[in-house]
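To start, the structure under review is shown below, and the notes come after it.
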2 protein chains.
Amino acid sequence: MNRVVAISGGIGGAKLALGLYKTLPPVALTVICNTGDDFEHLGLTVCPDIDTVTYTLAGLANRTLGWGREGETWAFMEALKAIGGETWFRLGDGDLALHVERTRRLAIGDSLSAITRDFARSLGIRAAVLPMADTHVRTIVQTPEGPLPFQRYFVEQQCAPTVTGFDFDGADKARLTPEVAAAVSDPDVSCIVICPSNPFISIDPVLAVPGMVDALRAAPAPVVAVSPLIGGDAVKGPTAKMMSELGLELSNRTIAARYGAFLDGLIVNPGDEVEVDLPQHATPTLMTTDAEKTAVAKEVLAFGARLAS
Amino acid sequence: MNRVVAISGGIGGAKLALGLYKTLPPVALTVICNTGDDFEHLGLTVCPDIDTVTYTLAGLANRTLGWGREGETWAFMEALKAIGGETWFRLGDGDLALHVERTRRLAIGDSLSAITRDFARSLGIRAAVLPMADTHVRTIVQTPEGPLPFQRYFVEQQCAPTVTGFDFDGADKARLTPEVAAAVSDPDVSCIVICPSNPFISIDPVLAVPGMVDALRAAPAPVVAVSPLIGGDAVKGPTAKMMSELGLELSNRTIAARYGAFLDGLIVNPGDEVEVDLPQHATPTLMTTDAEKTAVAKEVLAFGARLAS
């Protein structure tokens, strides 16, 4: 069987992961999720990207909010507010179950990989959902006013501060999990897809895990990135703002350069083609409907097949 | 100001606490709560009796269930079930806020007394709600099949196992908190009330805290117990079943004997009078309506005043 590996952050990446999941035999897909935006909140370990991918593949994702669960309720937050708790990060009542059960299991020594696998299986997901690492890697956003933990920057301050750089705290001590290492080096994998996630805060933390870039470079399968830029801007989120603040050209040249060490091909939205020294394929990459998600997935798979042949 | 101290377990005790709260100037009441049925569940510290008293005094208690919050929702439990979590102990969505925030604050070193005080204040309670101790005391139910942690006996097995005795794990290392010690010895307290809670599992754990019995014996105020028996049976819960299994007479003689070391007077339901060597007052003690709760509270206060004079 031709297996496919996707490397994903949250919302944008999960859209392509869903397209791949609906296009491939479900067990053929492995999604490696960013854990750099995981954090400890209210004593609970929250893994936003893993959960977004999990909810998306399970058909539970909230299509209005873009995060969390469909039909979510908020009694916990209301009650927390009434007793003076922190409410800047909203945790839905159903969503809480994952955070509480994950925190309980981590405390008794279960790995994030095992917990994530069990949650996915329980929710009927037949793809493999993998955290990029089992130890803590925490994205720190550097700003002129000092460093900010990722969720403080992203949720509490809504990406307002100017970004001067990023640290991935703990990445130096992280290791590729056996599952991630096996997925990337699997000779039965026909394509490794870098999803159209934010390169700085969704993909770079994955690449910061020691051994990941080398594994991608050595991977038997072609590595294809889908650019998050459409019309020279990001569909959602702070990708373009970050590029500008970091003094990077707001074009797919920047994307290609970031992934250059291991990239075999780049998929861009029509009109966003750039002159780069690697195969490039233009196809509409806006994914609002499920049909658009599967259409992009099919283009990615076909492009990967051409690169491999 | 004449202050009043009540010692309470959960449901039955909270009814009288509410009656006292509505009868007295609100700041005049101090409720000392059993923490023997506290437990760690899903990694969270759950304090059922503190929370029942808190919800009751705050007007948030669920009048149908007898525990938890009015208008509670259960999305957390549904989602927890879907990922294979433990569901034998039901935690409502709003209720969870207290357990999560309490667990977070305990982990950073705040005392249960401080946390309980802050929750009560946030919810508008003007009475003092005190845990009986700040360190763990955990009721263990002895059965012919071996020891059972309290909530396994009470909730999971619904009090079915035969009881042969109780242990209060950690009680030997517990200490009276400054707040509890001050409340019991306060010369401005006009009455100390033992609420009509289960003597074995709600009141005995409080009495097991070293120094508590001596403090009650030395208290300037008269100590009045309201019997939980009505017509020789308990209104709710396993009090009568436990008395029978422990070979104790199912009458107020047993109640009087248990509290004999410090008791100054006993309030019983009409028809349940017994021959005992201490003042006894008969008045209807069934508390379904708020009017009945305040009526019992007034009888208790009047009886306490007669004992003090």
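Leu44(A) CG to Leu44(B) CG: the interatomic distance, rounded to the nearest 0.5 Å, is 7.0 Å.
In this structure, Leu42(B) and Arg104(A) approach most closely via the heavy-atom pair CA-CD, 3.5 Å. In terms of heavy atoms, Arg69(B) sits closest to Ala79(A) at NH2-CB, 3.7 Å.
Other residues, nucleotides and ligands contribute only 12 or fewer heavy atoms inside 6.0 Å of the CZ atom of Phe154(A).
In this structure, the side chains of Val100(A) and Leu80(B) stay at 4.5 Å or more apart for every pair of heavy atoms. In this structure, Asp93(A) and Thr73(B) have side chains that are in contact, with non-hydrogen atoms separated by less than 4.5 Å.
For Ala82(B), the parts lying near chain A are the backbone and the side chain together; criterion is any non-hydrogen pair under 4.5 Å. For Arg121(B), no part lies under 4.5 angstrom from a heavy atom of chain A. With a 4.5 angstrom heavy-atom cutoff, Ile108(B) does not touch chain A via any of its atoms.
Among the candidates Gly43(B), Gly71(B), Gly124(B), Ser122(B), the residue making the largest number of heavy-atom pairs closer than 4.5 Å to chain A is Ser122(B).
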